[in-house]
Amino acid sequence: MFEKGLLAKKRILITGGGSGLGAAMGYRFAELGAELIICGRREGLLEETAAKFRSELGAKVSIARCDIRDGAAVEAMMDQVWQDAPIDVLVNNAAATFIAQSEHLSFRAADAILAPTLHGTMYCTLAAGRRWIDGKHKGVVLSILSTSTITGRAFTVPSSMAKTAVLAMTKSLAVEWGPKGIRTVAIAPGAFPTAGATGQLRPEGRGESWAHRNPLGRAGEHAELANLATFLISDQGGYINGEMVVQDGGAHLRSSGAEDLLQWTDAQWEKQRAARAR
(Lines give C-alpha, C1' and ligand atoms only; values in the text may rest on other atoms or scores of the structure.)
Protein backbone atom coordinates (compact mmCIF):
# COMPACT_ATOMS: atom_id res chain seq x y z
CA MET A 1 0.00 0.00 0.00
CA PHE A 2 2.85 2.37 0.85
CA GLU A 3 6.25 2.74 -0.74
CA LYS A 4 9.11 1.30 1.27
CA GLY A 5 10.85 3.95 3.31
CA LEU A 6 7.78 6.21 3.48
CA LEU A 7 8.59 7.08 7.09
CA ALA A 8 12.37 6.97 6.83
CA LYS A 9 14.09 9.76 8.78
CA LYS A 10 10.98 10.23 10.94
CA ARG A 11 11.37 9.88 14.70
CA ILE A 12 8.09 8.89 16.33
CA LEU A 13 7.09 8.81 20.02
CA ILE A 14 4.08 6.62 20.83
CA THR A 15 2.46 6.75 24.25
CA GLY A 16 1.07 3.41 25.32
CA GLY A 17 3.32 1.92 22.67
CA GLY A 18 4.06 -1.37 24.37
CA SER A 19 0.84 -3.19 23.52
CA GLY A 20 -2.48 -3.07 21.71
CA LEU A 21 -3.08 -0.44 19.08
CA GLY A 22 0.06 1.47 20.08
CA ALA A 23 2.23 -1.55 19.32
CA ALA A 24 0.34 -2.24 16.09
CA MET A 25 0.95 1.30 14.87
CA GLY A 26 4.57 1.16 15.98
CA TYR A 27 5.19 -2.05 14.08
CA ARG A 28 3.81 -0.56 10.88
CA PHE A 29 5.75 2.69 11.30
CA ALA A 30 8.96 0.71 11.83
CA GLU A 31 8.26 -1.43 8.76
CA LEU A 32 8.22 1.79 6.75
CA GLY A 33 11.53 3.03 8.11
CA ALA A 34 10.65 5.10 11.17
CA GLU A 35 12.73 5.32 14.33
CA LEU A 36 10.54 4.67 17.37
CA ILE A 37 10.40 5.70 21.00
CA ILE A 38 7.71 3.71 22.78
CA CYS A 39 6.45 5.13 26.06
CA GLY A 40 4.58 3.50 28.90
CA ARG A 41 4.61 2.67 32.61
CA ARG A 42 5.62 -1.01 32.37
CA GLU A 43 9.30 -1.21 31.52
CA GLY A 44 9.28 -4.97 31.01
CA LEU A 45 6.50 -4.79 28.45
CA LEU A 46 8.22 -1.93 26.63
CA GLU A 47 11.49 -3.89 26.46
CA GLU A 48 9.69 -6.98 25.17
CA THR A 49 7.95 -5.03 22.40
CA ALA A 50 11.11 -3.14 21.45
CA ALA A 51 13.06 -6.41 21.25
CA LYS A 52 10.43 -7.87 18.92
CA PHE A 53 10.60 -4.85 16.61
CA ARG A 54 14.39 -4.99 16.54
CA SER A 55 14.59 -8.71 15.85
CA GLU A 56 11.79 -8.90 13.26
CA LEU A 57 12.30 -5.59 11.48
CA GLY A 58 15.82 -4.48 12.31
CA ALA A 59 14.20 -1.29 13.57
CA LYS A 60 15.79 1.39 15.70
CA VAL A 61 13.64 1.42 18.84
CA SER A 62 14.17 2.92 22.26
CA ILE A 63 11.90 2.92 25.30
CA ALA A 64 10.83 5.68 27.65
CA ARG A 65 9.31 4.59 30.94
CA CYS A 66 6.99 7.42 31.92
CA ASP A 67 3.74 7.97 33.76
CA ILE A 68 2.15 10.59 31.52
CA ARG A 69 -0.28 11.50 34.31
CA ASP A 70 2.64 13.36 35.88
CA GLY A 71 3.41 16.57 33.99
CA ALA A 72 6.92 16.83 35.46
CA ALA A 73 7.67 13.26 34.38
CA VAL A 74 6.52 14.09 30.85
CA GLU A 75 8.83 17.11 30.72
CA ALA A 76 11.74 15.00 31.94
CA MET A 77 10.99 12.34 29.31
CA MET A 78 10.86 14.92 26.54
CA ASP A 79 14.15 16.45 27.69
CA GLN A 80 15.75 13.01 27.55
CA VAL A 81 14.28 12.20 24.14
CA TRP A 82 15.38 15.55 22.69
CA GLN A 83 18.97 14.97 23.80
CA ASP A 84 19.44 12.72 20.78
CA ALA A 85 17.24 14.58 18.29
CA PRO A 86 13.78 16.11 18.05
CA ILE A 87 10.89 13.79 17.40
CA ASP A 88 8.90 14.41 14.23
CA VAL A 89 5.65 12.78 15.32
CA LEU A 90 3.84 12.36 18.63
CA VAL A 91 1.14 9.68 18.79
CA ASN A 92 -1.19 10.16 21.75
CA ASN A 93 -2.41 6.62 22.18
CA ALA A 94 -2.35 5.99 25.95
CA ALA A 95 -5.75 6.18 27.63
CA ALA A 96 -7.92 4.50 30.24
CA THR A 97 -11.59 3.60 30.42
CA PHE A 98 -14.07 1.16 31.92
CA ILE A 99 -17.84 0.82 31.97
CA ALA A 100 -19.66 2.09 35.04
CA GLN A 101 -22.95 3.61 36.10
CA SER A 102 -22.04 7.27 36.31
CA GLU A 103 -23.84 7.87 39.60
CA HIS A 104 -21.55 5.31 41.23
CA LEU A 105 -18.29 6.89 40.02
CA SER A 106 -16.09 8.22 42.78
CA PHE A 107 -13.86 11.18 42.07
CA ARG A 108 -10.89 8.79 42.23
CA ALA A 109 -12.45 6.54 39.59
CA ALA A 110 -13.18 9.51 37.34
CA ASP A 111 -9.66 10.86 37.79
CA ALA A 112 -8.20 7.44 36.93
CA ILE A 113 -9.67 7.93 33.46
CA LEU A 114 -9.21 11.68 33.03
CA ALA A 115 -5.58 11.70 34.20
CA PRO A 116 -4.03 9.68 31.34
CA THR A 117 -6.68 10.25 28.68
CA LEU A 118 -6.98 14.02 28.96
CA HIS A 119 -4.24 15.41 31.17
CA GLY A 120 -1.51 13.06 29.96
CA THR A 121 -2.40 13.70 26.33
CA MET A 122 -2.33 17.45 26.91
CA TYR A 123 0.98 17.30 28.81
CA CYS A 124 2.65 15.33 26.00
CA THR A 125 1.23 17.54 23.27
CA LEU A 126 2.24 20.81 24.90
CA ALA A 127 5.70 19.48 25.78
CA ALA A 128 6.36 18.37 22.20
CA GLY A 129 4.82 21.49 20.66
CA ARG A 130 6.83 23.85 22.84
CA ARG A 131 10.07 22.16 21.80
CA TRP A 132 9.11 22.09 18.12
CA ILE A 133 8.26 25.79 18.17
CA ASP A 134 11.42 26.75 20.08
CA GLY A 135 13.53 24.76 17.62
CA LYS A 136 11.54 25.81 14.53
CA HIS A 137 10.99 22.12 13.82
CA LYS A 138 7.92 20.83 11.98
CA GLY A 139 5.85 18.16 13.71
CA VAL A 140 2.68 16.11 13.69
CA VAL A 141 0.45 15.16 16.61
CA LEU A 142 -1.86 12.18 16.06
CA SER A 143 -4.38 11.48 18.83
CA ILE A 144 -6.39 8.27 19.06
CA LEU A 145 -9.92 9.26 20.08
CA SER A 146 -13.34 7.61 19.95
CA THR A 147 -16.69 7.92 18.17
CA SER A 148 -18.08 8.98 21.55
CA THR A 149 -16.82 12.42 20.50
CA ILE A 150 -19.69 12.37 18.00
CA THR A 151 -22.44 10.40 19.72
CA GLY A 152 -21.63 10.66 23.41
CA ARG A 153 -21.62 7.31 25.21
CA ALA A 154 -23.49 6.23 28.29
CA PHE A 155 -21.59 4.38 31.01
CA THR A 156 -18.17 5.66 29.89
CA VAL A 157 -18.82 9.33 30.61
CA PRO A 158 -15.32 10.36 31.83
CA SER A 159 -13.72 8.78 28.77
CA SER A 160 -16.23 10.43 26.44
CA MET A 161 -15.56 13.78 28.09
CA ALA A 162 -11.79 13.36 27.86
CA LYS A 163 -11.77 12.26 24.24
CA THR A 164 -14.08 15.13 23.26
CA ALA A 165 -11.76 17.58 24.99
CA VAL A 166 -8.79 16.18 23.09
CA LEU A 167 -10.72 16.65 19.85
CA ALA A 168 -11.23 20.30 20.83
CA MET A 169 -7.48 20.54 21.46
CA THR A 170 -6.81 19.00 18.05
CA LYS A 171 -8.99 21.55 16.27
CA SER A 172 -7.73 24.49 18.30
CA LEU A 173 -4.03 23.75 17.91
CA ALA A 174 -4.48 23.14 14.18
CA VAL A 175 -5.20 26.86 13.89
CA GLU A 176 -2.70 28.04 16.49
CA TRP A 177 0.22 25.83 15.48
CA GLY A 178 -0.47 25.27 11.79
CA PRO A 179 1.41 28.46 10.79
CA LYS A 180 4.39 27.10 12.73
CA GLY A 181 4.51 23.92 10.64
CA ILE A 182 2.79 21.66 13.19
CA ARG A 183 -0.22 19.55 12.17
CA THR A 184 -2.71 18.03 14.60
CA VAL A 185 -4.89 15.13 13.45
CA ALA A 186 -6.93 12.37 15.06
CA ILE A 187 -8.54 8.98 14.47
CA ALA A 188 -11.81 7.82 16.02
CA PRO A 189 -11.61 4.03 15.91
CA GLY A 190 -14.59 1.79 16.34
CA ALA A 191 -14.21 -1.77 17.57
CA PHE A 192 -10.57 -2.80 17.24
CA PRO A 193 -10.39 -5.46 19.98
CA THR A 194 -7.37 -5.46 22.29
CA ALA A 195 -6.80 -7.47 25.45
CA GLY A 196 -6.85 -4.39 27.67
CA ALA A 197 -9.91 -2.70 26.22
CA THR A 198 -11.92 -5.91 25.89
CA GLY A 199 -11.43 -6.69 29.56
CA GLN A 200 -12.70 -3.25 30.61
CA LEU A 201 -15.44 -2.69 28.03
CA ARG A 202 -16.64 -6.19 27.14
CA PRO A 203 -16.75 -8.11 30.43
CA GLU A 204 -18.46 -11.45 30.92
CA GLY A 205 -22.17 -10.96 30.56
CA ARG A 206 -21.92 -8.47 27.74
CA GLY A 207 -22.80 -10.13 24.43
CA GLU A 208 -20.42 -10.35 21.51
CA SER A 209 -23.18 -9.72 18.95
CA TRP A 210 -22.00 -6.08 18.75
CA ALA A 211 -19.58 -7.00 15.97
CA HIS A 212 -22.40 -8.42 13.89
CA ARG A 213 -24.44 -5.26 14.42
CA ASN A 214 -21.73 -3.29 12.65
CA PRO A 215 -22.86 -2.36 9.11
CA LEU A 216 -19.82 -4.25 7.79
CA GLY A 217 -20.51 -7.21 10.05
CA ARG A 218 -17.08 -7.33 11.69
CA ALA A 219 -14.61 -5.64 13.96
CA GLY A 220 -11.67 -3.67 12.64
CA GLU A 221 -8.23 -5.16 12.10
CA HIS A 222 -5.23 -3.57 13.75
CA ALA A 223 -3.42 -3.31 10.42
CA GLU A 224 -6.25 -1.17 9.06
CA LEU A 225 -5.86 1.39 11.82
CA ALA A 226 -2.07 1.28 11.52
CA ASN A 227 -2.29 2.04 7.81
CA LEU A 228 -4.62 4.99 8.35
CA ALA A 229 -2.32 6.33 11.06
CA THR A 230 0.63 5.95 8.70
CA PHE A 231 -1.06 8.03 6.04
CA LEU A 232 -2.06 10.79 8.45
CA ILE A 233 1.43 11.23 9.93
CA SER A 234 3.25 10.90 6.61
CA ASP A 235 4.02 13.69 4.19
CA GLN A 236 1.28 12.22 1.96
CA GLY A 237 -1.24 13.48 4.52
CA GLY A 238 0.44 16.86 4.78
CA TYR A 239 -2.65 18.91 3.90
CA ILE A 240 -4.86 17.31 6.57
CA ASN A 241 -4.94 19.44 9.70
CA GLY A 242 -7.39 19.69 12.61
CA GLU A 243 -9.47 16.75 11.41
CA MET A 244 -10.64 13.52 13.05
CA VAL A 245 -11.07 10.56 10.71
CA VAL A 246 -13.68 8.01 11.80
CA GLN A 247 -12.76 4.38 11.20
CA ASP A 248 -15.56 2.21 12.55
CA GLY A 249 -17.29 0.53 9.61
CA GLY A 250 -20.19 2.98 9.97
CA ALA A 251 -21.13 1.71 13.43
CA HIS A 252 -21.66 5.18 14.94
CA LEU A 253 -24.36 5.84 12.34
CA ARG A 254 -26.39 3.05 13.88
CA SER A 255 -25.61 3.20 17.59
CA SER A 256 -23.41 4.83 20.20
CA GLY A 257 -22.27 1.37 21.25
CA ALA A 258 -23.70 1.43 24.77
CA GLU A 259 -27.40 0.70 24.26
CA ASP A 260 -27.16 -2.92 25.41
CA LEU A 261 -26.00 -1.72 28.84
CA LEU A 262 -29.34 -0.01 29.39
CA GLN A 263 -30.77 -3.52 29.87
CA TRP A 264 -28.27 -4.59 32.53
CA THR A 265 -29.65 -5.53 35.94
CA ASP A 266 -28.43 -4.15 39.25
CA ALA A 267 -26.86 -7.55 39.90
CA GLN A 268 -24.83 -7.36 36.70
CA TRP A 269 -23.57 -3.89 37.59
CA GLU A 270 -22.69 -4.98 41.10
CA LYS A 271 -20.68 -7.89 39.69
CA GLN A 272 -18.85 -5.50 37.38
CA ARG A 273 -18.02 -3.08 40.21
CA ALA A 274 -16.71 -5.95 42.34
CA ALA A 275 -14.52 -7.22 39.50
CA ARG A 276 -13.04 -3.76 38.95
CA ALA A 277 -12.27 -3.39 42.67
CA ARG A 278 -10.12 -6.55 42.72
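This chain uses plain numbering: 1 for the first residue, then up along the sequence. Since the model is a prediction, treat every value here as computed from it, not as a measurement.
Checked against side-chain contact (heavy atoms from CB on, under 4.5 Å), V157 has the following partners two or more places apart in sequence or in another chain: S102, M161. Residues forming a side-chain contact (heavy atoms from CB on, under 4.5 Å) with T265 (at least two apart in sequence, or on another chain): A267, Q268. Residues passing the side chain to side chain donor-acceptor pair (under 3.5 Å) test with H119: none are found, sequence neighbours excluded. The side-chain contact (heavy atoms from CB on, under 4.5 Å) search around A188 returns T147, M244, V246, not counting sequence neighbours. Every residue two or more places apart in sequence or in another chain was checked for a side-chain contact (heavy atoms from CB on, under 4.5 Å) with A112, and none qualifies. When the side chain to side chain donor-acceptor pair (under 3.5 Å) test is applied to E224, the partners found at least two apart in sequence or on another chain are R218.
When every heavy atom of A258 is checked against every heavy atom of A154, the shortest pair comes out as CB-O, 3.4 Å. The heavy-atom pair separating I113 from A96 by the smallest distance is CG2-O, 3.1 Å. Residues G190 and D248 come closest through the heavy atom pair CA-CB, 3.4 Å. The two residues I87 and A128 make their nearest non-hydrogen contact at CD1-CB, 4.4 Å. A pairwise comparison of heavy atoms in P193 and A219 identifies CD-CB, 3.7 Å as the closest pair. In this structure, A64 and I37 approach most closely via the heavy-atom pair CB-CG2, 3.9 Å.
Using a cut-off of 4.0 Å between Lys/Arg side-chain N and Asp/Glu carboxylate O, K9 and D88 are scored as not salt-bridged. Salt bridge annotation for R130-E75: present, with a cationic side-chain nitrogen under 4.0 angstrom from a carboxylate oxygen. A salt bridge is defined here as a Lys NZ or Arg NE, NH1 or NH2 lying under 4.0 Å from an Asp or Glu carboxylate O, and E47 with R65 fails to meet this definition.
Judged by distance alone, with hydrogens and angles left aside, the side-chain atoms of T15 form a donor-acceptor pair with the main-chain N or O of A94 at under 3.5 Å. Here the side chain of N241 pairs a donor or acceptor atom with the backbone of A174 at under 3.5 angstrom. Put simply, the side chain of R183 gets close to the backbone of I240: a donor and an acceptor are under 3.5 Å apart. Counting only distance, with no hydrogens or angles, the side chain of R11 and the backbone of V81 share a donor-acceptor pair below 3.5 Å. Within the 3.5 Å criterion, the main-chain N or O of L145 finds no donor-acceptor partner in the side chain of S143. The backbone N or O of V185 lies less than 3.5 Å from no partner atom in the side chain of T170, so there is not a single donor-acceptor pair. At least one donor-acceptor pair closer than 3.5 Å links the side chain of N93 to the backbone N or O of G16.
Between the CD1 atom of I38 and the CE atom of M25 there is a distance of 12.0 Å, given to the nearest 0.5 Å. Here the CG-OG1 distance, from L142 to T125, works out to 10.0 Å after rounding to the nearest 0.5 Å. The OG1 atom of T121 sits 4.5 Å away from atom CG of N92, with the distance rounded to the nearest 0.5 Å. Put simply, CG on L225 and CZ on F192 are 5.0 Å apart, with the number rounded to the nearest 0.5 Å. Distance check: E221 CD to N227 CG gives 10.5 Å after rounding to the nearest 0.5 Å. One finds the SG atom of C66 at 8.0 Å from the CE atom of M78 (value rounded to the nearest 0.5 Å).
Hydrophobic clustering of Ile, Leu, Val, Met, Phe, Trp and Tyr side chains at less than 4.5 Å, counting indirect connections, keeps V141 apart from F231. In this structure, I233 is not a member of the same hydrophobic cluster as L167, with clusters built from ILVMFWY side-chain heavy atoms closer than 4.5 Å. Using a 4.5 Å cut-off between side-chain heavy atoms of Ile, Leu, Val, Met, Phe, Trp and Tyr, with links allowed through other members, L126 and L118 fall into the same hydrophobic cluster. Linking Ile, Leu, Val, Met, Phe, Trp and Tyr residues whenever their side-chain heavy atoms come within less than 4.5 Å leaves I144 and L114 in two separate clusters. At a threshold of 4.5 Å between side-chain heavy atoms, the hydrophobic network of Ile, Leu, Val, Met, Phe, Trp and Tyr places I182 and W82 in one connected group.
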| request: For the pair W264 and I99, evaluate side-chain contact (heavy atoms from CB on, under 4.5 Å) and give the outcome as yes or no after the intermediate values. | output: CA-CA 12 Å; W264 268 31; I99 58 171; 3.9 Å; yes
Let's go through T49 and Y27 carefully: what are the C-alpha distance in whole Å and the side-chain angles of both, what is the deciding distance for side-chain contact (heavy atoms from CB on, under 4.5 Å) to 0.1 Å, and is it a yes or a no?
CA-CA 9 Å; T49 302; Y27 194 93; over 6 Å; no
query = Would H222 and L21 count as a side-chain contact (heavy atoms from CB on, under 4.5 Å) if you check the C-alpha gap in whole Å, the side-chain angles of each, and the deciding distance to 0.1 Å?
reply = CA-CA 7 Å; H222 288 196; L21 295 179; 3.7 Å; yes
Using the salt bridge (Lys or Arg N to Asp or Glu O under 4.0 Å) rule, take R69 and D111 through it: C-alpha gap first, then chi angles, then the decisive distance, then the call. CA-CA 10 Å; R69 299 173 298 182; D111 285 349; over 6 Å; no
* To do: Could you walk me through whether L90 and W132 pass the side-chain contact (heavy atoms from CB on, under 4.5 Å) test, one step at a time?
  => CA-CA 11 Å; L90 167 66; W132 283 330; 4.3 Å; yes
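At a threshold of 4.5 Å between non-hydrogen side-chain atoms, the residues F155 and Q101 count as touching. Side chains of V166 and T117 form no contact here, defined as non-hydrogen atoms less than 4.5 Å apart. Contact check for M77 versus L13: side-chain heavy atoms found under the 4.5 Å cut-off. With a 4.5 Å cut-off on side-chain heavy atoms, V91 and I12 count as touching. Between D79 and R131, the closest side-chain pair of non-hydrogen atoms falls below 4.5 Å. Considering only heavy atoms from C-beta on, S148 stays 4.5 Å or farther from T156 through its side chain. Counting only heavy atoms from C-beta outward, the side chains of V89 and F29 never approach each other to under 4.5 Å. Looking at heavy atoms from C-beta onward, I68 lies out of side-chain contact with Y123 at the 4.5 angstrom threshold.
Other residues, nucleotides and ligands contribute only 12 or fewer heavy atoms inside 6.0 Å of the CZ atom of R41. When the shell of 6.0 Å around CG of D134 is examined, it contains more than 12 heavy atoms from other residues, nucleotides or ligands. Atom CD of E56 sits in a crowded spot, with more than 12 heavy atoms from other residues, nucleotides or ligands closer than 6.0 Å. More than 12 heavy atoms of other shown residues, nucleotides or ligands fall within 6.0 angstrom of atom CZ in R54.
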